[in-house]
Asker: 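Please read through the structure below; I'll follow up with questions.
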Amino acid sequence: MTRPRFRFPDGFHWGAATSAYQIEGSPLADGAGPSIWQRFAHTPGMMANGDTGDIACDHYHRYKADVQLMRALGLQGYRFSINWARVLPEGTGRVNPKGLDFYSRLVDELLENGIAPNATLFHWDLPAALDDRGGWLNRDVAHWFAEYAEVMFKALDDRVPRWATLNEPWVVTDGGYLHGALAPGHRSKYEAPIAAHNLMRASGAGIQAYRAHGKHEIGVVFNIEPKYPHSDSAEDLAATRRAHAYMNQQFADPALLGSYPPELKEIFGDAWPEFPADDLKLTHQKVDFVGINYYTRAVVKHDPNAYPLKAVPVPQPNKTYTETGWEVFEQGLTDTLTWFKERYGNIPLYITENGSAFYDPPVVENGELDDPLRTNYLRKHLKALHDAIEAGVNLKGYYAWSLMDNLEWSLGFSKRFGLYHVDFATQQRTPKASAKLYAQVIESNGSVL
Ligand SMILES: OC[C@@H]1[C@@H](O)[C@H](O)[C@@H](O)c2nc(CNc3ccccc3)cn21
């Protein structure tokens with residue numbers, strides 16, 4: 001019997017992903033300290049519709065039922081993040097036992113239901129107390145992060161087989177330090193490279209701590225958005241190269257190659273610091289895997305007025321765009337994975353996020369909610385994933401973003417990425433048609449595609 005076209009390799013890992021501030025709610029409960037997202041969300045004008053993570057999906061209280069939602073899909077893994085300030089309310093020093101206990105109970109619930117925990121130490125919600133001490137702009141943050149990481153490894157590594165230090169440092173620096181649309185809301189071309197550099201120093205220090213205390217796997221998660229030139233003019237090709245270096249190499253190169261791409265000094269000019277040479281020795285640590293978050297691509301052209309890249313994205317005609325303004329372009333996923341393999345070698349890779357926000361009709365009929373655009377996005381991207389594996393990419397697993405609708409950061413609850421619909425007034429979870437497809441994909445290891 002011939003093997004089904006899109007059957008994935010035996011042992012391929014199927015999961016779904018969330019993050020603490022987007023789903024937990026109760027950000028200050030049981031002794032937790034505030035994070036910069038708690039502060040940012042309560043700063044007037046920062047969040048769409050004034051939405052906050054005060055309740056979100058109330059996962060802090062509903063985690064057992066949410067694990068049953070995961071089990072209903074047949075998930076083999078669940079990628080979640082830990083709210084640093086729940087565990088260390090001041091960011092360093094005193095440990096909050098009730099904060100640690102929540103994550104211990106979540107991990108036990110996952111294991112009891114046959115779901116492997118995949119824990120991310122930092123998914124943007126830095127303790128506010130550390131931001132008051134300079135946050136990612138203070139070189140001491142590498143030590144603060146390593147101290148936090150060691151607390152978590154000692155508490156949970158006996159039960160957590162896979163860890164990530166950071167989620168998407170590029171978004172933290174571009175959104176939080178250059179353009180100001182995300183916490184902590186800074187707008188400085190001088191701060192962004194310093195924050196970027198310290199984020200990767202901290203990731204390196206966290207990996208070093210894992211080598212001293214951990215028994216399983218640790219990696220780091222990058223968002224990668226492949227860049228394609230609008231034309232073959234020298235200007236557009238150079239603009240595409242700058243955009244690619246700025247988003248896709250700025251963090252992976254120092255972590256995996258121990259060097260920065262030369263374009264960064266070209267982009268930041270006098271705002272690009274001369275970093276101490278030894279810093280990259282800390283940043284360049286061996287990882288057990290890399291997580292790649294893929295959503296879309298960008299077609300790029302030169303624009304002398306665009307700061308700081310002198311490059312802008314070009315909307316593509318006759319293409320489907322998601323509610324977050326991202327083109328549906330599944331070939332970009334295959335291209336991203338083959339590029340990553342060619343540049344960094346055949347490191348084990350996971351797609352740690354992939355998904356789409358489309359408008360969902362509020363009406364839930366007979367307990368089902370049809371989401372054809374999201375279902376189509378999922379199907380096309382899983383086929384593209386399979387193409388990458390056939391091209392020789394060492395791809396180990398896939399985590400759908402997201403398990404359930406949640407707080408889409410400063411966009412609030414208006415952008416829905418979930419496989420499960422959440423009625424935020426009642427906290428009712430309802431599987432969408434995309435959830436049903438994903439469950440069939442998992443059950444058949446891709447053969448249904
Ligand atoms: O926007 C959807 C998700 C978000 O909810 C996750 O917390 C975050 O990890 C995440 N990263 C991306 C891709 N990167 C990105 C690019 C530009 C702006 C914002 C995110 C999408 N998403």
Side-chain angles (χ1 to χ4, degrees), residues 16-70 78-87 89 96 98-99 101-103 105-106 109-110 119-128 167-168 171-172 175-176 181-184 323-324 353 355 357 360 362 364 369 399-432 435:
T18 65
S19 87
Y21 190 69
Q22 295 180 269
I23 69 164
E24 288 179 359
S26 306
L28 301 177
D30 297 330
S35 74
I36 58 173
W37 268 95
Q38 162 69 12
R39 266 190 189 157
F40 191 78
H42 284 272
T43 304
M46 294 296 111
M47 303 288 283
N49 311 311
D51 290 341
T52 75
D54 288 357
I55 300 172
C57 305
D58 193 29
H59 180 73
Y60 187 72
H61 298 112
R62 298 169 188 265
Y63 71 95
K64 289 192 176 184
D66 288 338
V67 170
Q68 291 310 307
L69 299 181
M70 302 175 205
Y78 173 55
R79 175 178 179 248
F80 64 96
S81 77
I82 293 161
N83 175 358
W84 184 343
R86 222 187 260 290
V87 175
N96 173 28
K98 288 185 176 178
D101 180 60
F102 168 67
Y103 294 106
R105 285 183 279 114
L106 171 62
E109 195 69 23
L110 290 166
T120 299
L121 290 166
F122 173 76
H123 196 126
W124 306 357
D125 46 358
L126 184 74
N167 176 74
E168 299 189 343
V171 178
V172 177
L182 302 176
E323 287 287 296
T324 48
E353 289 180 27
D360 291 328
V364 176
L369 190 152
Y399 292 84
W401 184 269
S402 180
L403 173 70
M404 58 183 148
D405 295 336
N406 57 53
L407 182 73
E408 182 48 33
W409 303 108
S410 55
L411 298 179
F413 297 108
S414 61
K415 307 303 177 195
R416 292 176 176 268
F417 282 87
L419 295 169
Y420 283 92
H421 174 274
V422 176
D423 178 332
F424 292 102
T426 66
Q427 291 297 342
Q428 175 73 35
R429 280 80 156 136
T430 306
K432 303 176 189 176

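As a basis for the values below, the full set of heavy atoms in this structure was taken, side chains included, without hydrogen atoms, waters or symmetry mates.
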Asker: How about Q428 and D423: does a side-chain donor come under 3.5 Å of a side-chain acceptor?
Answerer: no
Asker: Are the side chain of K64 and the backbone N or O of E109 linked by a donor-acceptor pair below 3.5 Å?
Answerer: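 A pair under 3.5 Å: no.
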Asker: Cut-off 3.5 Å, side chains only: do S81 and Y21 have a donor facing an acceptor?
Answerer: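 No.
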Asker: Heavy atoms, side chains only, cut-off 4.5 Å: are F102 and V87 in contact?
Answerer: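 In short, these two side chains do not touch, never coming nearer than 4.5 Å.
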Asker: Return yes if a side-chain donor-acceptor contact under 3.5 Å exists between D66 and H59, otherwise no.
Answerer: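 Yes, side-chain donor-acceptor contact under 3.5 Å.
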Asker: State whether R86 and D125 are salt-bridged, where the test is any N-O pair (Lys NZ or Arg NE/NH1/NH2 against Asp/Glu carboxylate O) under 4.0 Å.
Answerer: no
Asker: Shortest non-hydrogen contact from F40 to S410?
Answerer: CE2-CB, 4.5 Å
Asker: Side-chain contact test, heavy atoms from C-beta onward, threshold under 4.5 Å: evaluate it for M47 versus T52 and give yes or no.
Answerer: no
Asker: Distance from Y63 atom OH to Y103 atom OH, nearest 0.5 Å?
Answerer: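 So the OH of Y63 and the OH of Y103 are separated by 12.5 Å.
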Asker: Rounded at 0.5 Å granularity, tell me how far CD1 in I23 sits from CG in D58.
Answerer: 10.5 Å
Asker: Quick check against the 3.5 Å criterion: does E24 have a side-chain atom that pairs as donor or acceptor with the backbone of H61?
Answerer: no
Asker: Closest heavy-atom contact between P27 and G53?
Answerer: CD-O, 3.7 Å
Asker: Over 60° means perpendicular and under 30° means parallel, so tell me whether W409 and H123 are parallel, tilted or perpendicular.
Answerer: parallel
Asker: Please examine the side chains of R62 and L69, heavy atoms only from C-beta on, and report whether any two atoms are closer than 4.5 Å.
Answerer: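 Of all side-chain heavy-atom pairs linking R62 with L69, none is under 4.5 Å.
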Asker: Would a distance-only check, ignoring hydrogens and angles, find a side-chain to backbone donor-acceptor pair under 3.5 Å from Y78 to L110?
Answerer: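 Not at all, since once roles are kept as given, no pair shorter than 3.5 Å links the two residues.
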Asker: Do E408 and D51 have side-chain heavy atoms sitting under 4.5 Å apart?
Answerer: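 Contact flag for E408/D51 side chains = no.
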Asker: Once you round to the nearest 0.5 Å, how far does CG of L407 lie from OG1 of T18?
Answerer: 12.5 Å
Asker: Listed by chain and number, what are the salt bridge (charged side-chain N to carboxylate O under 4.0 Å, His left out) partners of D54, not counting sequence neighbours?
Answerer: none
Asker: Less than 4.5 Å apart, any side-chain heavy atom of F122 and any of N167?
Answerer: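 No, every pair of side-chain atoms sits at 4.5 Å or beyond.
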Asker: Between S402 and A17 (side chain of the first, backbone of the second, donor and acceptor by atom type, cut-off under 3.5 Å), is there such a pair?
Answerer: yes
Asker: Roughly how far apart are Y60 OH and R105 CZ, rounded to 0.5 Å?
Answerer: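 Nearest 0.5 Å value for the OH-CZ distance: 6.0 Å.
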Asker: If you draw a 6.0 Å radius around CD1 in I55, do more than 12 non-hydrogen atoms from other residues or ligands fall strictly inside?
Answerer: no
Asker: Starting at CD of Q22, measure out to CZ of F413 and round the result to the nearest 0.5 Å.
Answerer: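 Nearest 0.5 Å value for the CD-CZ distance: 10.0 Å.
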Asker: Evaluate the side-chain proximity of F417 to N406: yes if any heavy-atom separation is below 4.5 Å, no if none is.
Answerer: no
Asker: So how far is it from I36 CD1 to W124 CH2, rounded to the nearest 0.5 Å?
Answerer: 11.0 Å
Asker: Under the 3.5 angstrom rule, does the side chain of R429 hit a backbone N or O of C57 as a donor-acceptor pair?
Answerer: yes
Asker: Is V67 close to L106 at the side-chain level, that is, under 4.5 Å between some pair of heavy atoms?
Answerer: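 Yes; the side chains approach each other to less than 4.5 Å.
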Asker: Apply the test side-chain contact (heavy atoms from CB on, under 4.5 Å) to residues L403 and Y420: give CA-CA distance (whole Å), side-chain angles for both, the deciding distance (0.1 Å), then the verdict.
Answerer: CA-CA 6 Å; L403 173 70; Y420 283 92; 4.1 Å; yes
Asker: To check you understand the geometry: which heavy-atom pair defines the closest contact between P89 and G31, and what is its length?
Answerer: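 Of all heavy-atom pairs spanning P89 and G31, the closest is CG-O, 3.3 Å.
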Asker: Yes or no on side-chain contact (heavy atoms from CB on, under 4.5 Å) for M404 and L419, after CA distance, side-chain angles and deciding distance?
Answerer: CA-CA 5 Å; M404 58 183 148; L419 295 169; over 6 Å; no
Asker: Does E323 pair with R416 as a salt bridge, N-O distance under 4.0 Å?
Answerer: no
Asker: Which atom names give the shortest non-hydrogen contact between G176 and P184, and what distance separates them?
Answerer: O-CD, 3.5 Å
